[in-house]
Amino acid sequence: MGIGKKLKEKWREALAAVLPIMGIVLALCFGLAPVTPSILLCFLVGGVMLIAGMMFFTLGAEIAMTPMGERVGSCLTKTKRLWLVLALSFLLGFIITVSEPDLQVLAQQVPAVPNRVLILAVAFGVGIFLTVAFWRMLFSIALPVLLVVFYGIVFALAFFVPEDFLSVAFDSGGVTTGPMTVPFIMALGVGISSIRSDRHAANDSFGLVALCSIGPILAVMVLGLVYRPGEAAYTAAAIPEISNSAELGRLFVTEIPVYMKEIAIALFPVLLVFLAFQVLALKLPGRSLTKILIGLLYTYVGLVLFLTGANVGFMPAGNYLGQVLASSAHPWALVPVAMVMGYFIVRAEPAVYVLNKQVEEITDGAISEAAMGTGLSVGVAVSLGIAMVRVLTGIPILWILIPGYVLAIGISFFVPKLYTAIAFDSGGVASGPMTAAFLLPLAQGACMAHGGNIVTDAFGVVAMVAMTPLITIQVMGLYVKLSGRRAGKRQAGGVGEYAADAFALLPDDAIIEL
(Lines give C-alpha, C1' and ligand atoms only; values in the text may rest on other atoms or scores of the structure.)
Protein backbone atom coordinates (compact mmCIF):
# COMPACT_ATOMS: atom_id res chain seq x y z
CA MET A 1 0.00 0.00 0.00
CA GLY A 2 1.39 3.43 -0.97
CA ILE A 3 1.92 6.30 1.44
CA GLY A 4 -1.06 8.18 -0.03
CA LYS A 5 -3.45 5.30 0.60
CA LYS A 6 -2.03 4.77 4.09
CA LEU A 7 -2.51 8.45 4.93
CA LYS A 8 -6.15 8.27 3.80
CA GLU A 9 -6.66 5.17 5.97
CA LYS A 10 -5.06 6.87 9.00
CA TRP A 11 -7.12 10.02 8.36
CA ARG A 12 -10.34 7.99 8.50
CA GLU A 13 -9.18 6.27 11.69
CA ALA A 14 -8.29 9.63 13.27
CA LEU A 15 -11.67 11.08 12.33
CA ALA A 16 -13.44 8.08 13.87
CA ALA A 17 -11.43 8.53 17.09
CA VAL A 18 -11.66 12.30 17.57
CA LEU A 19 -15.03 13.36 16.08
CA PRO A 20 -17.20 11.62 18.74
CA ILE A 21 -15.59 13.50 21.64
CA MET A 22 -15.74 16.76 19.66
CA GLY A 23 -19.44 16.13 19.03
CA ILE A 24 -20.12 15.54 22.74
CA VAL A 25 -18.27 18.70 23.79
CA LEU A 26 -20.04 20.80 21.13
CA ALA A 27 -23.42 19.45 22.26
CA LEU A 28 -22.57 20.50 25.83
CA CYS A 29 -21.35 23.92 24.67
CA PHE A 30 -24.61 24.65 22.84
CA GLY A 31 -26.79 23.24 25.60
CA LEU A 32 -25.96 22.29 29.19
CA ALA A 33 -22.60 24.10 29.57
CA PRO A 34 -22.23 27.22 27.37
CA VAL A 35 -18.65 28.45 26.86
CA THR A 36 -17.14 31.68 25.54
CA PRO A 37 -16.51 32.05 21.78
CA SER A 38 -12.75 32.20 22.47
CA ILE A 39 -12.73 28.77 24.13
CA LEU A 40 -14.97 27.29 21.45
CA LEU A 41 -12.73 28.53 18.61
CA CYS A 42 -9.60 27.23 20.36
CA PHE A 43 -11.31 23.88 20.87
CA LEU A 44 -12.31 23.59 17.19
CA VAL A 45 -8.82 24.48 15.92
CA GLY A 46 -7.32 22.10 18.49
CA GLY A 47 -9.64 19.34 17.27
CA VAL A 48 -8.46 19.74 13.67
CA MET A 49 -4.83 19.61 14.86
CA LEU A 50 -5.59 16.49 16.90
CA ILE A 51 -7.01 14.70 13.87
CA ALA A 52 -4.05 15.66 11.66
CA GLY A 53 -1.56 14.83 14.41
CA MET A 54 -3.07 11.43 15.09
CA MET A 55 -3.01 10.62 11.36
CA PHE A 56 0.74 11.32 11.07
CA PHE A 57 1.59 9.75 14.44
CA THR A 58 -0.13 6.42 13.77
CA LEU A 59 1.50 6.18 10.34
CA GLY A 60 4.91 7.00 11.83
CA ALA A 61 4.46 4.47 14.64
CA GLU A 62 3.57 1.79 12.10
CA ILE A 63 6.53 2.30 9.76
CA ALA A 64 9.19 3.50 12.23
CA MET A 65 8.65 3.20 16.00
CA THR A 66 7.37 -0.39 16.00
CA PRO A 67 10.01 -1.81 13.59
CA MET A 68 12.76 0.04 15.49
CA GLY A 69 11.69 -1.39 18.83
CA GLU A 70 11.26 -4.92 17.50
CA ARG A 71 14.68 -4.94 15.83
CA VAL A 72 16.46 -3.50 18.87
CA GLY A 73 14.65 -5.98 21.17
CA SER A 74 15.55 -9.05 19.09
CA CYS A 75 19.12 -7.78 18.72
CA LEU A 76 19.44 -7.36 22.49
CA THR A 77 18.49 -10.94 23.25
CA LYS A 78 20.82 -12.48 20.68
CA THR A 79 23.79 -11.77 22.92
CA LYS A 80 24.71 -14.52 25.38
CA ARG A 81 25.74 -12.04 28.08
CA LEU A 82 22.86 -11.52 30.51
CA TRP A 83 24.58 -8.64 32.30
CA LEU A 84 24.90 -6.75 29.01
CA VAL A 85 21.20 -7.23 28.18
CA LEU A 86 20.15 -5.97 31.62
CA ALA A 87 22.58 -3.03 31.56
CA LEU A 88 21.40 -1.93 28.13
CA SER A 89 17.75 -2.28 29.16
CA PHE A 90 18.35 0.00 32.16
CA LEU A 91 20.12 2.52 29.93
CA LEU A 92 17.25 2.43 27.40
CA GLY A 93 14.61 3.01 30.08
CA PHE A 94 16.61 5.81 31.68
CA ILE A 95 17.44 7.90 28.61
CA ILE A 96 13.98 7.52 27.03
CA THR A 97 12.25 8.63 30.24
CA VAL A 98 14.49 11.65 30.87
CA SER A 99 13.27 13.18 27.61
CA GLU A 100 9.54 12.36 28.05
CA PRO A 101 7.63 15.70 27.77
CA ASP A 102 4.95 14.68 30.31
CA LEU A 103 7.68 14.21 32.93
CA GLN A 104 8.60 17.89 32.67
CA VAL A 105 4.96 18.76 33.44
CA LEU A 106 4.95 16.42 36.45
CA ALA A 107 8.12 18.06 37.81
CA GLN A 108 6.35 21.43 37.90
CA GLN A 109 3.63 19.99 40.16
CA VAL A 110 6.09 19.14 42.96
CA PRO A 111 7.77 22.41 44.04
CA ALA A 112 9.41 20.96 47.17
CA VAL A 113 11.48 18.54 45.08
CA PRO A 114 14.05 20.04 42.66
CA ASN A 115 13.01 19.38 39.05
CA ARG A 116 16.29 17.72 38.09
CA VAL A 117 16.17 15.42 41.13
CA LEU A 118 12.61 14.31 40.37
CA ILE A 119 13.31 13.72 36.66
CA LEU A 120 16.44 11.67 37.35
CA ALA A 121 14.70 9.67 40.11
CA VAL A 122 11.73 8.81 37.89
CA ALA A 123 14.04 7.90 35.00
CA PHE A 124 16.03 5.67 37.36
CA GLY A 125 12.79 3.99 38.46
CA VAL A 126 11.72 3.30 34.87
CA GLY A 127 15.19 1.99 34.03
CA ILE A 128 15.15 -0.42 36.98
CA PHE A 129 11.69 -1.72 36.15
CA LEU A 130 12.43 -2.08 32.43
CA THR A 131 15.35 -4.26 33.54
CA VAL A 132 12.97 -6.28 35.74
CA ALA A 133 10.58 -6.61 32.79
CA PHE A 134 13.36 -7.91 30.51
CA TRP A 135 14.47 -10.33 33.20
CA ARG A 136 10.88 -11.58 33.55
CA MET A 137 10.59 -12.15 29.81
CA LEU A 138 13.93 -13.91 29.44
CA PHE A 139 13.15 -16.35 32.26
CA SER A 140 9.35 -16.54 31.71
CA ILE A 141 8.46 -15.43 35.26
CA ALA A 142 4.73 -15.08 35.98
CA LEU A 143 3.61 -11.44 35.87
CA PRO A 144 0.93 -11.72 38.65
CA VAL A 145 3.56 -12.69 41.23
CA LEU A 146 5.68 -9.64 40.43
CA LEU A 147 2.60 -7.40 40.50
CA VAL A 148 1.67 -8.65 43.99
CA VAL A 149 5.19 -7.92 45.29
CA PHE A 150 5.67 -4.49 43.74
CA TYR A 151 2.15 -3.12 44.29
CA GLY A 152 2.38 -4.43 47.86
CA ILE A 153 5.44 -2.22 48.31
CA VAL A 154 3.65 0.73 46.64
CA PHE A 155 0.63 0.60 48.94
CA ALA A 156 2.76 0.00 52.03
CA LEU A 157 4.72 3.18 51.25
CA ALA A 158 1.50 5.06 50.50
CA PHE A 159 0.57 5.16 54.20
CA PHE A 160 3.74 7.15 54.97
CA VAL A 161 3.58 9.64 52.09
CA PRO A 162 1.97 13.05 52.81
CA GLU A 163 -1.69 13.04 51.74
CA ASP A 164 -1.33 16.18 49.60
CA PHE A 165 1.43 14.43 47.66
CA LEU A 166 -0.21 11.03 47.22
CA SER A 167 -2.44 11.67 44.16
CA VAL A 168 0.44 13.24 42.25
CA ALA A 169 2.60 10.20 43.02
CA PHE A 170 0.01 7.77 41.63
CA ASP A 171 -0.61 10.01 38.61
CA SER A 172 3.11 9.85 37.80
CA GLY A 173 2.81 6.19 36.78
CA GLY A 174 0.55 7.18 33.89
CA VAL A 175 2.08 10.44 32.73
CA THR A 176 5.62 9.07 32.33
CA THR A 177 4.54 6.32 29.92
CA GLY A 178 3.69 8.74 27.13
CA PRO A 179 2.82 8.42 23.44
CA MET A 180 6.45 8.63 22.35
CA THR A 181 7.93 5.98 24.65
CA VAL A 182 5.08 3.46 24.80
CA PRO A 183 5.19 2.27 21.14
CA PHE A 184 8.96 1.80 21.37
CA ILE A 185 8.83 -0.06 24.71
CA MET A 186 5.96 -2.29 23.57
CA ALA A 187 7.80 -3.15 20.35
CA LEU A 188 10.89 -4.01 22.40
CA GLY A 189 8.81 -6.69 24.13
CA VAL A 190 7.69 -8.17 20.81
CA GLY A 191 11.29 -8.19 19.56
CA ILE A 192 12.60 -9.93 22.68
CA SER A 193 9.90 -12.61 22.64
CA SER A 194 10.35 -13.24 18.89
CA ILE A 195 13.51 -15.29 19.43
CA ARG A 196 11.73 -17.64 21.86
CA SER A 197 10.00 -20.69 20.41
CA ASP A 198 7.97 -21.78 23.46
CA ARG A 199 4.19 -21.38 23.61
CA HIS A 200 4.41 -18.64 26.31
CA ALA A 201 6.45 -16.26 24.13
CA ALA A 202 3.38 -14.32 22.93
CA ASN A 203 2.11 -13.99 26.52
CA ASP A 204 5.42 -12.56 27.69
CA SER A 205 5.72 -10.07 24.83
CA PHE A 206 3.35 -7.82 26.82
CA GLY A 207 3.90 -6.54 30.34
CA LEU A 208 6.79 -4.10 29.85
CA VAL A 209 4.60 -0.99 30.18
CA ALA A 210 2.84 -2.60 33.16
CA LEU A 211 6.06 -2.89 35.13
CA CYS A 212 7.56 0.39 33.87
CA SER A 213 4.48 2.23 35.24
CA ILE A 214 5.37 1.09 38.78
CA GLY A 215 8.85 2.67 38.72
CA PRO A 216 7.71 6.32 38.64
CA ILE A 217 5.16 5.77 41.44
CA LEU A 218 7.80 4.29 43.75
CA ALA A 219 10.37 6.94 42.79
CA VAL A 220 8.02 9.87 43.51
CA MET A 221 6.86 8.27 46.78
CA VAL A 222 10.46 7.83 47.96
CA LEU A 223 11.14 11.48 47.13
CA GLY A 224 8.03 12.38 49.14
CA LEU A 225 9.46 10.55 52.15
CA VAL A 226 12.89 12.19 51.77
CA TYR A 227 11.80 15.77 51.06
CA ARG A 228 8.50 15.66 53.03
CA PRO A 229 6.77 18.18 50.70
CA GLY A 230 3.84 20.00 52.28
CA GLU A 231 1.77 19.90 49.14
CA ALA A 232 1.90 19.58 45.39
CA ALA A 233 1.38 22.62 43.21
CA TYR A 234 -1.51 23.47 40.97
CA THR A 235 -1.49 26.08 38.23
CA ALA A 236 -4.87 26.69 36.65
CA ALA A 237 -5.07 26.40 32.87
CA ALA A 238 -5.16 29.82 31.24
CA ILE A 239 -8.54 30.62 29.71
CA PRO A 240 -7.80 32.36 26.38
CA GLU A 241 -9.58 35.58 25.46
CA ILE A 242 -9.47 36.14 21.70
CA SER A 243 -10.98 39.15 19.93
CA ASN A 244 -10.18 38.23 16.32
CA SER A 245 -8.85 35.50 14.03
CA ALA A 246 -5.32 36.94 13.98
CA GLU A 247 -5.04 36.52 17.76
CA LEU A 248 -6.33 32.96 17.43
CA GLY A 249 -3.63 32.20 14.87
CA ARG A 250 -0.90 33.76 17.02
CA LEU A 251 -2.00 31.69 20.03
CA PHE A 252 -1.28 28.44 18.20
CA VAL A 253 1.69 29.66 16.14
CA THR A 254 3.57 30.80 19.25
CA GLU A 255 3.07 27.43 20.95
CA ILE A 256 4.06 25.19 18.01
CA PRO A 257 7.83 25.96 18.32
CA VAL A 258 7.67 25.05 22.03
CA TYR A 259 6.32 21.59 21.23
CA MET A 260 8.69 21.22 18.27
CA LYS A 261 11.58 21.60 20.69
CA GLU A 262 10.04 19.29 23.32
CA ILE A 263 9.32 16.46 20.87
CA ALA A 264 12.74 16.84 19.20
CA ILE A 265 14.38 16.42 22.62
CA ALA A 266 12.10 13.44 23.34
CA LEU A 267 12.76 11.65 20.03
CA PHE A 268 16.50 12.26 19.93
CA PRO A 269 17.50 9.57 22.49
CA VAL A 270 15.36 6.96 20.70
CA LEU A 271 16.99 7.86 17.38
CA LEU A 272 20.43 7.79 18.99
CA VAL A 273 19.86 4.32 20.48
CA PHE A 274 18.59 2.98 17.17
CA LEU A 275 21.50 4.42 15.17
CA ALA A 276 23.98 2.94 17.67
CA PHE A 277 22.40 -0.50 17.20
CA GLN A 278 22.34 0.06 13.43
CA VAL A 279 26.08 0.75 13.31
CA LEU A 280 27.10 -1.98 15.77
CA ALA A 281 24.71 -4.84 15.06
CA LEU A 282 21.64 -4.32 12.86
CA LYS A 283 23.31 -3.26 9.59
CA LEU A 284 19.95 -2.59 7.88
CA PRO A 285 20.08 -1.87 4.13
CA GLY A 286 19.75 1.73 3.00
CA ARG A 287 16.15 1.39 1.82
CA SER A 288 14.93 0.01 5.18
CA LEU A 289 16.86 2.66 7.09
CA THR A 290 15.43 5.46 4.92
CA LYS A 291 11.89 4.16 5.47
CA ILE A 292 12.39 4.19 9.26
CA LEU A 293 13.83 7.72 9.21
CA ILE A 294 10.85 8.96 7.14
CA GLY A 295 8.54 7.24 9.62
CA LEU A 296 10.29 9.05 12.47
CA LEU A 297 9.63 12.34 10.69
CA TYR A 298 5.92 11.45 10.47
CA THR A 299 5.95 10.58 14.18
CA TYR A 300 7.60 13.91 15.00
CA VAL A 301 5.13 16.00 12.96
CA GLY A 302 2.20 14.02 14.36
CA LEU A 303 3.18 14.50 18.00
CA VAL A 304 3.85 18.23 17.54
CA LEU A 305 0.39 18.77 16.01
CA PHE A 306 -1.33 16.46 18.49
CA LEU A 307 0.17 17.94 21.66
CA THR A 308 -0.30 21.52 20.46
CA GLY A 309 -3.96 20.84 19.71
CA ALA A 310 -4.50 19.00 22.99
CA ASN A 311 -2.76 21.48 25.29
CA VAL A 312 -3.70 24.77 23.58
CA GLY A 313 -7.16 23.86 22.31
CA PHE A 314 -8.54 21.14 24.58
CA MET A 315 -7.07 21.99 28.00
CA PRO A 316 -8.87 25.35 28.49
CA ALA A 317 -12.13 23.81 27.22
CA GLY A 318 -11.88 20.93 29.69
CA ASN A 319 -11.19 23.25 32.62
CA TYR A 320 -14.01 25.66 31.74
CA LEU A 321 -16.54 22.88 31.12
CA GLY A 322 -15.71 21.38 34.52
CA GLN A 323 -16.31 24.74 36.19
CA VAL A 324 -19.63 25.31 34.42
CA LEU A 325 -20.97 21.80 35.09
CA ALA A 326 -19.96 21.73 38.77
CA SER A 327 -21.42 25.18 39.47
CA SER A 328 -24.74 24.43 37.75
CA ALA A 329 -28.00 23.66 39.55
CA HIS A 330 -27.31 19.93 39.09
CA PRO A 331 -23.58 19.35 39.79
CA TRP A 332 -24.07 15.55 39.91
CA ALA A 333 -24.73 15.68 36.16
CA LEU A 334 -20.95 15.93 35.97
CA VAL A 335 -20.67 12.19 36.70
CA PRO A 336 -22.61 10.76 33.71
CA VAL A 337 -21.27 13.48 31.39
CA ALA A 338 -17.67 12.61 32.36
CA MET A 339 -18.38 8.89 31.87
CA VAL A 340 -19.65 9.47 28.32
CA MET A 341 -16.59 11.63 27.59
CA GLY A 342 -14.26 8.98 29.01
CA TYR A 343 -15.85 6.26 26.88
CA PHE A 344 -14.99 8.09 23.65
CA ILE A 345 -11.89 10.09 24.54
CA VAL A 346 -9.66 7.06 25.18
CA ARG A 347 -10.00 6.14 21.50
CA ALA A 348 -8.19 9.37 20.64
CA GLU A 349 -5.11 8.42 22.72
CA PRO A 350 -2.27 7.90 20.20
CA ALA A 351 -0.64 4.97 22.02
CA VAL A 352 -4.00 3.15 22.40
CA TYR A 353 -4.10 2.71 18.63
CA VAL A 354 -0.62 1.15 18.73
CA LEU A 355 -1.56 -1.20 21.59
CA ASN A 356 -4.79 -2.37 19.96
CA LYS A 357 -3.08 -3.06 16.63
CA GLN A 358 -0.24 -4.93 18.30
CA VAL A 359 -2.62 -7.06 20.38
CA GLU A 360 -4.60 -8.04 17.28
CA GLU A 361 -1.44 -8.97 15.38
CA ILE A 362 0.21 -10.93 18.20
CA THR A 363 -2.97 -12.93 18.91
CA ASP A 364 -3.75 -13.46 15.20
CA GLY A 365 -7.11 -11.75 15.67
CA ALA A 366 -8.18 -13.80 18.71
CA ILE A 367 -8.32 -10.49 20.64
CA SER A 368 -9.65 -8.04 18.08
CA GLU A 369 -8.91 -4.33 17.90
CA ALA A 370 -12.64 -3.64 18.38
CA ALA A 371 -12.82 -5.80 21.54
CA MET A 372 -9.77 -4.05 23.01
CA GLY A 373 -11.28 -0.66 22.20
CA THR A 374 -14.54 -1.55 23.91
CA GLY A 375 -12.77 -2.90 27.01
CA LEU A 376 -10.65 0.23 27.34
CA SER A 377 -13.61 2.56 26.72
CA VAL A 378 -15.72 0.89 29.43
CA GLY A 379 -12.79 0.99 31.85
CA VAL A 380 -12.08 4.67 31.30
CA ALA A 381 -15.78 5.55 31.51
CA VAL A 382 -16.00 3.88 34.92
CA SER A 383 -12.79 5.59 36.08
CA LEU A 384 -14.09 9.04 35.09
CA GLY A 385 -17.34 8.42 36.94
CA ILE A 386 -15.42 7.46 40.09
CA ALA A 387 -13.03 10.42 39.67
CA MET A 388 -15.93 12.91 39.51
CA VAL A 389 -17.54 11.34 42.57
CA ARG A 390 -14.21 11.98 44.35
CA VAL A 391 -14.26 15.61 43.15
CA LEU A 392 -17.77 16.13 44.55
CA THR A 393 -17.31 14.21 47.82
CA GLY A 394 -13.59 14.35 48.67
CA ILE A 395 -13.20 10.56 49.12
CA PRO A 396 -9.51 9.72 49.81
CA ILE A 397 -7.81 8.18 46.78
CA LEU A 398 -6.55 5.11 48.68
CA TRP A 399 -10.16 4.09 49.44
CA ILE A 400 -10.54 3.46 45.71
CA LEU A 401 -7.06 2.45 44.56
CA ILE A 402 -6.44 -0.26 47.16
CA PRO A 403 -9.67 -2.24 46.51
CA GLY A 404 -9.25 -1.65 42.76
CA TYR A 405 -5.74 -3.05 42.59
CA VAL A 406 -6.55 -5.91 44.98
CA LEU A 407 -9.38 -6.89 42.62
CA ALA A 408 -7.23 -6.47 39.49
CA ILE A 409 -4.32 -8.51 40.86
CA GLY A 410 -6.67 -11.10 42.37
CA ILE A 411 -8.35 -11.71 38.99
CA SER A 412 -4.92 -12.11 37.36
CA PHE A 413 -4.47 -15.55 38.97
CA PHE A 414 -7.59 -16.88 37.21
CA VAL A 415 -7.39 -15.46 33.68
CA PRO A 416 -5.07 -16.44 30.80
CA LYS A 417 -1.63 -14.87 31.22
CA LEU A 418 -1.90 -12.99 27.94
CA TYR A 419 -4.98 -11.05 29.12
CA THR A 420 -3.25 -10.07 32.38
CA ALA A 421 -0.18 -8.73 30.59
CA ILE A 422 -2.30 -6.84 28.04
CA ALA A 423 -4.58 -5.45 30.77
CA PHE A 424 -1.73 -4.06 32.88
CA ASP A 425 -0.08 -2.61 29.77
CA SER A 426 -3.35 -0.97 28.77
CA GLY A 427 -3.52 0.96 32.04
CA GLY A 428 -0.32 2.87 31.27
CA VAL A 429 -1.28 3.31 27.63
CA ALA A 430 -4.81 4.66 28.29
CA SER A 431 -3.57 7.41 30.62
CA GLY A 432 -1.91 9.49 27.91
CA PRO A 433 -1.95 13.13 26.73
CA MET A 434 -5.73 13.30 26.20
CA THR A 435 -6.23 12.38 29.86
CA ALA A 436 -3.68 14.98 30.98
CA ALA A 437 -4.88 17.69 28.58
CA PHE A 438 -8.67 17.33 28.84
CA LEU A 439 -9.87 14.97 31.57
CA LEU A 440 -7.55 16.21 34.32
CA PRO A 441 -8.41 19.90 33.62
CA LEU A 442 -12.10 18.89 33.59
CA ALA A 443 -11.72 17.48 37.11
CA GLN A 444 -9.64 20.47 38.23
CA GLY A 445 -12.17 22.97 36.94
CA ALA A 446 -15.03 21.08 38.61
CA CYS A 447 -13.12 20.87 41.89
CA MET A 448 -12.33 24.59 41.80
CA ALA A 449 -15.99 25.49 41.22
CA HIS A 450 -17.20 23.05 43.87
CA GLY A 451 -14.80 24.42 46.49
CA GLY A 452 -12.80 21.21 46.99
CA ASN A 453 -9.08 20.62 47.49
CA ILE A 454 -7.69 20.45 43.95
CA VAL A 455 -4.44 18.71 44.92
CA THR A 456 -6.09 15.86 46.86
CA ASP A 457 -9.46 15.59 45.08
CA ALA A 458 -8.83 16.47 41.40
CA PHE A 459 -5.39 14.95 40.99
CA GLY A 460 -5.67 11.19 40.77
CA VAL A 461 -7.70 11.16 37.54
CA VAL A 462 -4.70 9.74 35.67
CA ALA A 463 -4.31 7.05 38.33
CA MET A 464 -8.00 6.14 38.01
CA VAL A 465 -7.77 5.93 34.22
CA ALA A 466 -4.71 3.68 34.60
CA MET A 467 -6.50 1.36 37.07
CA THR A 468 -9.92 0.46 35.68
CA PRO A 469 -8.78 -1.05 32.32
CA LEU A 470 -6.82 -3.59 34.37
CA ILE A 471 -10.14 -4.96 35.58
CA THR A 472 -12.26 -4.64 32.41
CA ILE A 473 -9.70 -6.28 30.07
CA GLN A 474 -9.18 -9.16 32.52
CA VAL A 475 -12.93 -9.61 32.92
CA MET A 476 -13.02 -10.03 29.13
CA GLY A 477 -10.36 -12.73 29.47
CA LEU A 478 -12.29 -14.45 32.26
CA TYR A 479 -15.44 -14.44 30.12
CA VAL A 480 -13.56 -15.94 27.16
CA LYS A 481 -12.06 -18.63 29.38
CA LEU A 482 -15.39 -19.59 30.99
CA SER A 483 -17.35 -19.52 27.72
CA GLY A 484 -14.65 -21.67 26.13
CA ARG A 485 -14.98 -24.26 28.87
CA ARG A 486 -18.75 -24.37 28.46
CA ALA A 487 -18.34 -24.85 24.71
CA GLY A 488 -15.87 -27.68 25.39
CA LYS A 489 -18.32 -29.48 27.67
CA ARG A 490 -21.09 -29.23 25.05
CA GLN A 491 -18.79 -30.92 22.53
CA ALA A 492 -17.70 -33.63 24.94
CA GLY A 493 -19.56 -36.29 22.90
CA GLY A 494 -17.35 -35.64 19.85
CA VAL A 495 -13.69 -36.37 19.31
CA GLY A 496 -12.03 -34.37 16.50
CA GLU A 497 -13.08 -30.77 17.15
CA TYR A 498 -13.17 -31.24 20.90
CA ALA A 499 -9.56 -32.45 20.95
CA ALA A 500 -8.44 -29.18 19.38
CA ASP A 501 -10.59 -27.16 21.82
CA ALA A 502 -9.29 -29.15 24.77
CA PHE A 503 -5.72 -28.35 23.77
CA ALA A 504 -6.55 -24.64 23.52
CA LEU A 505 -8.19 -24.70 26.96
CA LEU A 506 -5.28 -26.33 28.78
CA PRO A 507 -3.86 -24.32 31.71
CA ASP A 508 -1.00 -22.00 30.76
CA ASP A 509 1.59 -24.05 32.59
CA ALA A 510 0.56 -27.46 31.26
CA ILE A 511 3.30 -29.39 29.40
CA ILE A 512 2.44 -31.87 26.69
CA GLU A 513 4.99 -34.29 25.29
CA LEU A 514 4.14 -36.13 22.10
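Side chains are part of it too, since the values below use all heavy atoms of this structure and drop only hydrogens, waters and symmetry mates.
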Min side-chain heavy-atom separation L92-V273 under 4.5 Å = yes

What is the minimum heavy-atom distance between I51 and M22, and which atoms define it?
-> CD1-SD, 4.5 Å

Taking Y300 for its side chain and M260 for its backbone only, find out whether a donor-acceptor pair lies under 3.5 Å.
-> yes

State which residues pass ring-ring contact (aromatic ring centres under 6.0 Å, His included) with F129; sequence neighbours excluded, sorted by chain then number.
-> F150

By side chain to side chain contact (heavy atoms under 4.5 Å, CB included) - contacts of L439 (at least two apart) | I345, L384, T435, V461

Is the backbone N or O of R250 less than 3.5 Å from a side-chain atom of T254, with the two atoms forming a donor-acceptor pair by type?
-> yes

Taking the side chain as every heavy atom from C-beta outward, state whether L26 and L40 have any atom pair closer than 4.5 Å.
-> yes

So do the side chains of F306 and F57 get within less than 4.5 Å of each other, counting heavy atoms only?
-> no

Side chain D457, main chain G452, donor-acceptor under 3.5 Å | no

Would you say F344 and V25 make side-chain contact, with heavy atoms under 4.5 Å?
-> no

To the nearest 0.5 Å, what is the distance between CD1 (I39) and OG1 (T36)?
-> 3.5 Å

Out of curiosity, I400 CD1 to T468 OG1, how far, rounded to the nearest 0.5 Å?
-> 11.0 Å

Looking only at heavy atoms, what is the nearest atom pair of L223 and L118, with distance?
-> CD1-CA, 3.7 Å

Can R12 and K8 be said to form a side-chain contact (heavy atoms from CB on, under 4.5 Å), step by step?
-> CA-CA 6 Å; R12 287 194 295 268; K8 286 182 181 178; 4.1 Å; yes

Give a yes or no answer on whether the side chain of E349 reaches the backbone of M434 with a donor-acceptor pair at less than 3.5 Å.
-> yes

Given side chains that start at C-beta, do those of L91 and I95 come closer than 4.5 Å, heavy atoms only?
-> yes

Heavy-atom closest pair, residues M137 and L208 | SD-CD1, 2.9 Å

With sequence neighbours left out, the residues meeting side-chain hydrogen bond (donor to acceptor under 3.5 Å, both in side chains) with S89 are T131

Y405-Y151 aromatic ring centre distance below 6.0 Å = yes

With E13 via salt bridge (charged side-chain N to carboxylate O under 4.0 Å, His left out) - residues at least two apart = K10

Do side-chain atoms of T66 reach the backbone of A61 as a donor and acceptor pair under 3.5 angstrom?
-> yes

Could you tell me whether the side chains of E360 and N356 share a donor-acceptor contact shorter than 3.5 Å?
-> no

Residues V380 and P469: closest non-hydrogen pair is CG2-CG, 4.4 Å

Atom CD1 of I397 and atom OG of S167: how far apart are they, to the nearest 0.5 Å?
-> 4.0 Å

Check: M341 and F438 side chains under 4.5 Å, non-hydrogen atoms = yes

Are I256 and V304 side-chain neighbours, meaning at least one heavy-atom pair lies under 4.5 Å?
-> yes

Heavy-atom donor-acceptor pair, R390 side chain to T456 backbone, under 3.5 Å = yes

Kindly determine whether M315 and L440 satisfy side-chain contact (heavy atoms from CB on, under 4.5 Å), including the steps that lead there.
-> CA-CA 9 Å; M315 187 178 287; L440 182 56; over 6 Å; no

Could you tell me whether a side-chain N or O of S172 sits under 3.5 Å from a main-chain N or O of A169, the two making a donor and an acceptor?
-> yes

Check whether any side-chain N or O of Q278 sits under 3.5 Å from a backbone N or O of F274 as a donor-acceptor pair, and report yes or no.
-> no

Measuring from Q323:CD to Q444:CD, what's the distance to the nearest 0.5 Å?
-> 10.5 Å

Run the side-chain contact (heavy atoms from CB on, under 4.5 Å) check on R71 and I292 step by step: do they pass?
-> CA-CA 11 Å; R71 285 180 167 90; I292 285 175; 4.2 Å; yes

Interatomic distance, M49 atom CE to N311 atom CG [nearest 0.5 angstrom] | 10.5 Å

Side chain D171, main chain G460, donor-acceptor under 3.5 Å | yes

Taking only residues two or more places apart in sequence, or in another chain, which ones meet E369 in a salt bridge (charged side-chain N to carboxylate O under 4.0 Å, His left out)?
-> K357

Residue pairs passing the ring-ring contact (aromatic ring centres under 6.0 Å, His included) test with at least one member in residues 16-53, sequence neighbours excluded, are F43-F314

Where is the tightest heavy-atom contact between F94 and F124, given as atom of each residue plus distance?
-> CD1-N, 3.6 Å

Taking atom CD1 of I367 and atom CD1 of I422, what is their separation to the nearest 0.5 Å?
-> 4.0 Å

Hey, does V126 have a side-chain heavy atom less than 4.5 Å from the side chain of P216?
-> yes

Determine yes or no for a side-chain-to-main-chain donor-acceptor pair under 3.5 angstrom, with T97 supplying the side chain and A123 the backbone.
-> no

What is the minimum heavy-atom distance between V346 and S377, and which atoms define it?
-> CG1-OG, 3.6 Å

Check against side-chain contact (heavy atoms from CB on, under 4.5 Å), L211 and L130 | CA-CA 7 Å; L211 290 169; L130 186 59; over 6 Å; no

